[in-house]
Amino acid sequence: MTRIYLILALIGFILPNIFALKVTFETGNILLYTDIPTTLSQMFANDIATAFTIDLLFVVLVFLFWSYQEARKHQIKGLWIVWVLTFMFGLAGGFPLFLYLREDRLK
């Protein structure tokens with residue numbers, strides 16, 4: 001299972017960031033971080049985007065609490081790296097990366 005989680009983490013980091021890189025090259029808003037007001041306005045551009053954004057932000061919050069508890073429970077090192085990568089590149093890569101570390105620790 002660890003190999004599957006690692007593959008999913010790689011896919012999760014790559015796929016969403018294809019679009020972030022596209023925006024980076026088109027607008028100069030590097031990975032959506034150098035022009036925060038524009039990034040936020042586009043994240044909340046309409047009701048559908050707002051619904052997805054709020055849903056994702058809530059899931060990230062739940063992930064932070066859960067991963068912290070799991071890391072303490074199973075003595076998983078390097079949780080901060082997973083969190084940094086999650087904030088930089090997204091939950092789609094960070095979550096399976098944490099599952100990989102957790103599964104590896106449980107072995």
Side-chain angles (χ1 to χ4, degrees):
M1 223 25 214
T2 54
R3 184 176 296 197
I4 292 171
Y5 287 141
L6 192 56
I7 291 167
L8 290 172
L10 291 172
I11 293 169
F13 283 126
I14 292 169
L15 287 182
N17 287 291
I18 290 171
F19 298 98
L21 287 172
K22 180 179 179 240
V23 171
T24 294
F25 291 122
E26 290 174 354
T27 67
N29 185 3
I30 300 170
L31 294 176
L32 309 177
Y33 289 110
T34 56
D35 188 0
I36 300 293
T38 298
T39 299
L40 289 173
S41 71
Q42 291 180 354
M43 285 171 58
F44 296 97
N46 57 52
D47 290 340
I48 294 172
T50 299
F52 278 101
T53 299
I54 290 172
D55 184 68
L56 178 63
L57 292 174
F58 186 76
V59 172
V60 168
L61 182 65
V62 171
F63 170 69
L64 295 175
F65 283 112
W66 176 78
S67 63
Y68 177 76
Q69 292 298 322
E70 287 294 299
R72 276 188 32 190
K73 180 175 157 183
H74 300 294
Q75 299 172 340
I76 299 169
K77 305 290 184 203
L79 177 63
W80 68 273
I81 295 170
V82 173
W83 284 5
V84 167
L85 291 172
T86 298
F87 284 119
M88 287 180 64
F89 301 109
L91 185 63
F95 181 56
L97 179 60
F98 180 76
L99 291 175
Y100 165 78
L101 294 174
R102 182 177 177 270
E103 189 76 18
D104 190 54
R105 179 71 178 152
L106 292 176
K107 281 187 174 182

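Numbers here simply count residues along the sequence, with the first being 1.
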Would you say [X] and [Y] make side-chain contact, with heavy atoms under 4.5 Å?
{"X": "His74", "Y": "Leu106", "value": "yes"}
{"X": "Tyr33", "Y": "Thr39", "value": "no"}
{"X": "Trp83", "Y": "Phe63", "value": "yes"}
{"X": "Phe98", "Y": "Ile76", "value": "yes"}
{"X": "Thr2", "Y": "Leu101", "value": "no"}
{"X": "Tyr100", "Y": "Leu8", "value": "no"}
{"X": "Phe87", "Y": "Leu64", "value": "yes"}
{"X": "Leu61", "Y": "Leu57", "value": "no"}

message: Walk me through whether Phe44 and Ile54 qualify under side-chain contact (heavy atoms from CB on, under 4.5 Å).
response: CA-CA 9 Å; Phe44 296 97; Ile54 290 172; 4.1 Å; yes
Using a 3.5 Å distance criterion without hydrogens, assess whether the side chain of [X] forms a donor-acceptor pair with backbone atoms of [Y].
{"X": "Asn29", "Y": "Thr24", "result": "no"}
{"X": "Thr53", "Y": "Met43", "result": "yes"}
{"X": "Asn17", "Y": "Ala20", "result": "no"}
{"X": "Thr34", "Y": "Gly28", "result": "yes"}

Reported [atom1]-to-[atom2] distance for the pair [X] and [Y], which is rounded to 0.5 angstrom:
{"X": "Asp104", "Y": "Tyr5", "atom1": "CG", "atom2": "OH", "result": "12.5 Å"}
{"X": "Gln75", "Y": "Lys77", "atom1": "CD", "atom2": "NZ", "result": "6.5 Å"}
{"X": "Ser41", "Y": "Asp35", "atom1": "OG", "atom2": "CG", "result": "8.0 Å"}
{"X": "Thr86", "Y": "Ile81", "atom1": "OG1", "atom2": "CD1", "result": "11.5 Å"}
{"X": "Ile11", "Y": "Leu6", "atom1": "CD1", "atom2": "CG", "result": "10.0 Å"}
{"X": "Trp66", "Y": "Lys73", "atom1": "CH2", "atom2": "NZ", "result": "9.5 Å"}

- request: Determine the minimum heavy-atom distance between Gly12 and Pro16, stating which atoms define it.
  value: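 Gly12 and Pro16 have their closest heavy atoms at O-CD, 3.0 Å.
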message: For a quick test of reading the model, state the closest non-hydrogen atom pair linking Leu79 to Ala71 and the distance between them.
response: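 Residues Leu79 and Ala71, closest heavy atoms: CD2-CB, 3.8 Å.
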message: Whether Glu26 and Lys22 form a salt bridge (side-chain N of Lys/Arg under 4.0 Å from carboxylate O of Asp/Glu) is what I want to check.
response: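 Salt bridge present between Lys22 and Glu26.
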Honestly curious: do [X] and [Y] fall in one hydrophobic cluster under the side-chain, below-4.5 Å linking rule?
{"X": "Val23", "Y": "Leu56", "result": "no"}
{"X": "Met1", "Y": "Leu97", "result": "yes"}
{"X": "Ile18", "Y": "Phe13", "result": "no"}
{"X": "Tyr68", "Y": "Val60", "result": "yes"}
{"X": "Trp80", "Y": "Met88", "result": "yes"}

What do you reckon, is [atom1] of [X] surrounded by more than 12 foreign heavy atoms closer than 6.0 Å?
{"X": "Leu21", "atom1": "CG", "answer": "yes"}
{"X": "Phe52", "atom1": "CZ", "answer": "no"}
{"X": "Asp47", "atom1": "CG", "answer": "no"}

